[in-house]
Amino acid sequence: MPSKSSARLAALTVAAVCSAASTVVLTSPAHADSVRVHDIQGDTRMSPYAGKQVTDVTGIVTGIRAYGSARGFWMQDPNPDADPATSEGVFVFTSSAPKGVAVGDAVTVSGTVTEFVPGGTSSGNQSLTEITRSTFTVVSSGNPVPAATTIDARSVPAAYTPEGDPAAKGSVNALPLRPAQYALDHYESLEGMNVQVSDTRVVGATDPFTELWVTVKPRENRNHRGGAVYGSYDAQNTGRLQIQSLGPAADFPDANVGDTLAGTTAGPLDFNQYGGYTLVANELGTLESNGLRRETTREQRPGELAVATYNVENLDPSDDTFAAHAAAIVHNLRSPDIVSLEEIQDNNGATDDGTVAADATMAGLIDAIEAAGGPRYDWRSVDPADKADGGEPGGNIRQVFLFNPERVSFTDRAGGDATTAVDVTRVRGKAALTVSPGRVDPASEAFVNSRKPLAGEFVFRGRTVIVIANHFASKGGDQGLTSQYQPPSRSSETQRHLQAKAVHDFTAKILTTQKNAAVVALGDLNDFEFSRTTDILEGDGTLWSAIKSLPRSERYSYVYQGNSQALDQILISPSIRRGRTFSYDSVHINAEFHDQISDHDPQVLRFRP
């Protein structure tokens with residue numbers, strides 16, 4: 001996938017242009033005098049003054065943003081109306097860093113009311129009401145800032161959002177806000193206002209962009225490590241809130257999931273494309289560590305085969321994470337017999353010069369594992385065609401089988417390449433792959449610009465095990481949970497459903513050839529254990545996602561916007577499941593930590609074939 005930082009910086013660069021370009025002009029008088037902030041905000045998500053000029057709007061400055069593309073200040077009317085649906089705060093966009101204004105100044109502002117959509121209208125995001133093309137006058141200084149409105153478990157409703165208006169393609173923009181009934185309506189009614197949270201638990205670790213996620217609902221879908229589990233499409237975790245800071249980046253805390261942001265965190269409530277409603281703190285609470293530790297799974301027993309999946313996040317020879325990944329595999333995963341690696345890049349990473357081989361990448365990892373005290377692993381893969389499998393341009397990511405030849409043997413059958421499809425045949429009454437390693441249905445539309453599944457045949461203690469390594473299409477392009485369209489569209493599912501069908505059908509062919517065949521399909525599926533993607537993979541009992549053997553609170557491998565969720569899965573065929581000799585572990589070493597070496601947690605399955 002493209003670099004997160006490059007994609008995000010590009011989007012931030014575009015944001016300033018979008019701020020002016022997203023103006024909505026209504027067929028109404030072009031000028032409005034003596035309006036108040038709550039008049040501008042109105043009781044829906046769209047301002048009734050959008051596209052109009054307003055003059056001498058009064059307020060007290062509550063926060064100043066002097067960096068990035070969205071520069072300006074927030075102001076709030078200290079004399080609110082009686083309507084809980086109308087916000088008393090608004091962001092004043094100044095293009096460059098605002099000068100001559102400070103927190104506590106009483107100001108009058110004139111400009112154009114604009115509905116700015118972070119990420120552009122195609123993102124489906126809600127809009128942020130702003131005053132743009134602004135001029136302002138400081139009337140007085142040193143005024144008390146309007147008291148912060150508390151956001152807590154009592155104020156945020158349990159229901160997330162109303163369904164959108166079918167006549168407006170599912171948009172909630174024109175619906176009256178009901179802040180006492182819906183969480184997103186509650187947050188929207190506070191947009192731009194000075195708000196505060198107190199003693200909040202961290203549910204999303206600090207990321208490189210100096211932001212973290214907390215929950216104001218300490219009991220909401222909590223797991224024993226402190227996260228908020230996303231266990232269904234109706235469990236959005238309404239208490240989640242993103243925290244940024246108006247202070248120096250160096251002062252932002254390095255938080256892990258389960259830590260506490262103690263005391264008061266206060267500042268304006270913003271809305272951005274990377275997390276929706278965001279408290280931009282003037283006052284930041286004190287970090288109290290919960291002492292979260294990285295997990296270590298148990299070692300497989302002599303008669304158990306240990307199979308793992310691990311997304312190593314665009315690993316290539318230029319990275320400095322080889323030793324850390326090796327230590328994770330040896331010490332935290334206890335040297336599994338087979339590891340499906342996702343996001344192994346070619347020998348020169350993002351350099352786009354036609355290189356597709358990854359032998360240097362794999363040599364670096366295998367050497368590092370041995371140096372960390374692990375076995376001397378061997379590996380198998382199929383090089384992709386250049387720029388045909390998606391991911392970071394030039395990186396040519398692919399899945400790789402890493403295996404311990406002292407415990408398991410790989411059955412090599414020549415002929416597999418980027419475009420040759422693996423098939424199933426019968427050898428001495430048993431299912432066998434026609435090529436090993438081989439790619440599943442590489443010419444299918446299901447895998448256009450996406451990673452092709454990698455199938456391999458292994459032998460453990462005389463029993464054949466067929467493993468299918470997957471990295472399904474990403475969720476990029478899906479609308480966010482805070483989208484103006486409710487329920488949000490998940491357009492990326494279309495390709496994943498096709499991919500799941502292809503892998504299911506290939507597995508079914510194996511089981512038709514040999515009913516009791518041991519098949520493991522695993523990898524970064526980019527979808528949840530309760531998703532339609534997983535349902536299609538499982539089919540009529542062809543496969544079963546073994547993460548479902550864990551309690552619901554432990555089913556996660558990834559943390560996104562404060563939601564702990566399962567994207568990485570290991571599915572097993574009936575013969576493995578029926579034997580009841582398997583154990584499953586989601587080994588939490590990355591996703592909950594600010595110093596992660598990958599954004600995914602590895603998964604380990606142990607069973608007796």
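Only a predicted model underlies this, so the values are computations on that prediction, with no experimental measurement involved.
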Asker: Is there a side chain to side chain contact (heavy atoms under 4.5 Å, CB included) between S155 and H186? Walk through the geometry before answering.
Answerer: CA-CA 8 Å; S155 66; H186 177 70; 3.6 Å; yes
Asker: Go through the steps for E115 and T129 under the test side chain to side chain donor-acceptor pair (under 3.5 Å), then give the verdict.
Answerer: CA-CA 5 Å; E115 289 292 342; T129 303; 2.7 Å; yes
Asker: Classify the side-chain pair Y277/Q126 by whether it contains a donor and acceptor separated by less than 3.5 Å.
Answerer: yes
Asker: How about Q569 and S545: does a side-chain donor come under 3.5 Å of a side-chain acceptor?
Answerer: yes
Asker: For the side chain to side chain donor-acceptor pair (under 3.5 Å) test, which of D337, T297, D585 pairs with R606?
Answerer: T297
Asker: Which value, rounded to the nearest 0.5 Å, describes the distance between R439 atom CZ and K452 atom NZ?
Answerer: 5.5 Å
Asker: Would you sort out whether F506 and I468 count as a side chain to side chain contact (heavy atoms under 4.5 Å, CB included), showing the intermediate values?
Answerer: CA-CA 10 Å; F506 182 73; I468 307 167; 3.8 Å; yes
Asker: First locate atom OG1 of T265, then atom CG of L212, and finally report the distance between them rounded to the nearest 0.5 Å.
Answerer: 8.5 Å
Asker: Within the side chain of S557, is there an N or O that forms a donor-acceptor pair under 3.5 Å with the backbone of L567?
Answerer: yes
Asker: Do D270 and F91 make a side-chain contact, defined as non-hydrogen atoms from C-beta onward lying under 4.5 Å apart?
Answerer: no
Asker: Please determine whether a side-chain nitrogen of the Lys or Arg among D185 and R45 lies less than 4.0 Å from a carboxylate oxygen of the Asp or Glu.
Answerer: yes
Asker: Is there a side-chain contact between T321 and E313 (heavy atoms, below 4.5 Å)?
Answerer: no
Asker: Compare all side-chain heavy atoms of V202 with those of I243 and state whether any distance is below 4.5 angstrom.
Answerer: no
Asker: Between R225 and E592, is there a side-chain N and carboxylate O pair less than 4.0 Å apart?
Answerer: yes
Asker: Would you say Q242 and N272 are linked by a side-chain donor-acceptor pair, where the criterion is simply a distance under 3.5 Å?
Answerer: yes
Asker: Specify whether Y230 and Y233 have parallel, tilted or perpendicular ring planes, treating 30° as the upper limit for parallel and 60° as the lower limit for perpendicular.
Answerer: perpendicular
Asker: Are P118 and F271 packed together at the side-chain level, in the sense that at least one heavy-atom pair is separated by less than 4.5 angstrom?
Answerer: yes
Asker: Begin with the C-alpha distance, continue with both residues' side-chain angles, and end with the deciding distance and a verdict on side chain to side chain contact (heavy atoms under 4.5 Å, CB included) for F401 and L454.
Answerer: CA-CA 8 Å; F401 290 129; L454 179 71; 3.6 Å; yes
Asker: Going through the distances and angles, do S450 and Q499 end up as a side chain to side chain donor-acceptor pair (under 3.5 Å)?
Answerer: CA-CA 10 Å; S450 183; Q499 294 174 336; 2.9 Å; yes
Asker: Are the side chain of T206 and the backbone of H594 linked by a donor-acceptor contact shorter than 3.5 Å?
Answerer: no
Asker: Working to the nearest 0.5 Å, report the span between CD of Q41 and CG of L190.
Answerer: 10.0 Å
Asker: Taking the side chain as C-beta and beyond, is there a heavy-atom pair between E392 and E343 under 4.5 Å?
Answerer: no
Asker: Counting only N and O atoms by type, is there a donor-acceptor contact under 3.5 Å from the side chain of S598 to the main-chain atoms of N311?
Answerer: yes
Asker: Check whether T86 reaches the backbone of D83 with its side chain - one donor and one acceptor, N or O, closer than 3.5 Å.
Answerer: yes
Asker: Closer than 3.5 angstrom, by distance alone: can the side chain of T215 be matched with the main-chain N or O of R201 as a donor-acceptor pair?
Answerer: no
Asker: Between the side chains of N173 and Q484, is a donor N or O closer than 3.5 angstrom to an acceptor N or O?
Answerer: yes
Asker: So, does T260 use its side chain to make a donor-acceptor pair with the main chain of E288 at under 3.5 Å?
Answerer: no
Asker: If we ignore hydrogens and angles and just use 3.5 Å, is the side chain of Q479 paired with the main-chain N or O of G124 as donor and acceptor?
Answerer: no
Asker: Is the count of non-hydrogen atoms from other residues, nucleotides or ligands lying under 6.0 Å from R552 atom CZ greater than 12?
Answerer: no
Asker: From N256 CG over to N290 CG, what is the distance, rounded to the nearest 0.5 angstrom?
Answerer: 9.5 Å
Asker: Is a side-chain N or O of S245 found less than 3.5 angstrom from the main chain of F252, in a donor-acceptor match?
Answerer: no
Asker: Parallel, tilted or perpendicular: which one describes the rings of Y558 and H600, with boundaries at 30° and 60°?
Answerer: tilted
Asker: Does the side chain of P453 come within less than 4.5 Å of V422's, by heavy atoms?
Answerer: no
Asker: Compute whether any side-chain donor of one residue and acceptor of the other, for E342 and T309, lie under 3.5 angstrom apart.
Answerer: yes
Asker: Around atom CZ of R293, are there more than 12 heavy atoms from other residues, nucleotides or ligands closer than 6.0 Å?
Answerer: no
Asker: Can you list the steps and then say if S492 with D478 is a side chain to side chain donor-acceptor pair (under 3.5 Å)?
Answerer: CA-CA 6 Å; S492 69; D478 286 2; 2.8 Å; yes
Asker: Within this structure, what is the NZ-OG distance for the pair K515 and S575, rounded to the nearest 0.5 Å?
Answerer: 11.0 Å
Asker: Taking side chain as C-beta onward, heavy atoms only, is T200 less than 4.5 Å from L241?
Answerer: no
Asker: State yes or no: are the ring centers of H588 and Y556 separated by less than 6.0 Å?
Answerer: yes
Asker: From L287 CG over to L261 CG, what is the distance, rounded to the nearest 0.5 angstrom?
Answerer: 6.5 Å
Asker: Which pair of heavy atoms, one from S553 and one from R222, lies closest together, and at what distance?
Answerer: CB-O, 4.5 Å
Asker: Which pair of non-hydrogen atoms, one from P602 and one from L333, has the smallest distance, and what is that distance?
Answerer: CG-CD2, 3.5 Å
Asker: What heavy-atom pair brings T533 and A500 nearest, and what distance separates the two atoms?
Answerer: O-CB, 3.5 Å
Asker: Can you name the closest pair of heavy atoms from P157 and T238 and give their distance?
Answerer: O-OG1, 3.4 Å
Asker: If you take all heavy atoms of S586 and Q603, which pair is closest and at what distance?
Answerer: OG-NE2, 2.9 Å
Asker: Using a strict 4.0 Å threshold on nitrogen-to-oxygen distance, state whether D441 and K501 make a salt bridge.
Answerer: no
Asker: Short question: side chain of T534, backbone of F530 - any donor-acceptor pair under 3.5 Å?
Answerer: no
Asker: Distance alone, cut at 3.5 Å: any donor-acceptor contact between the side chains of S531 and R490?
Answerer: no
Asker: What are the two closest non-hydrogen atoms of A517 and S573, and how far apart are they?
Answerer: O-OG, 3.0 Å
Asker: Could you tell me whether a side-chain N or O of N470 sits under 3.5 Å from a main-chain N or O of L522, the two making a donor and an acceptor?
Answerer: yes
Asker: Could you tell me whether the side chain of P488 reaches within less than 4.5 Å of the side chain of Q486, counting heavy atoms only?
Answerer: yes
Asker: Would you find more than 12 non-hydrogen atoms of other residues, nucleotides or ligands less than 6.0 Å from E163 atom CD?
Answerer: no
Asker: Out of L402, I397, N314, V312, which residue meets the side-chain contact (heavy atoms from CB on, under 4.5 Å) rule with I344?
Answerer: V312
Asker: Show, in sequence, the C-alpha distance, side-chain angles and deciding distance for L537 and F472, and conclude whether the side chain to side chain contact (heavy atoms under 4.5 Å, CB included) test is met.
Answerer: CA-CA 12 Å; L537 261 173; F472 284 1; 4.0 Å; yes
Asker: For a quick check under 3.5 Å, do S123 and N125 share a side-chain donor-acceptor pair by atom type?
Answerer: yes
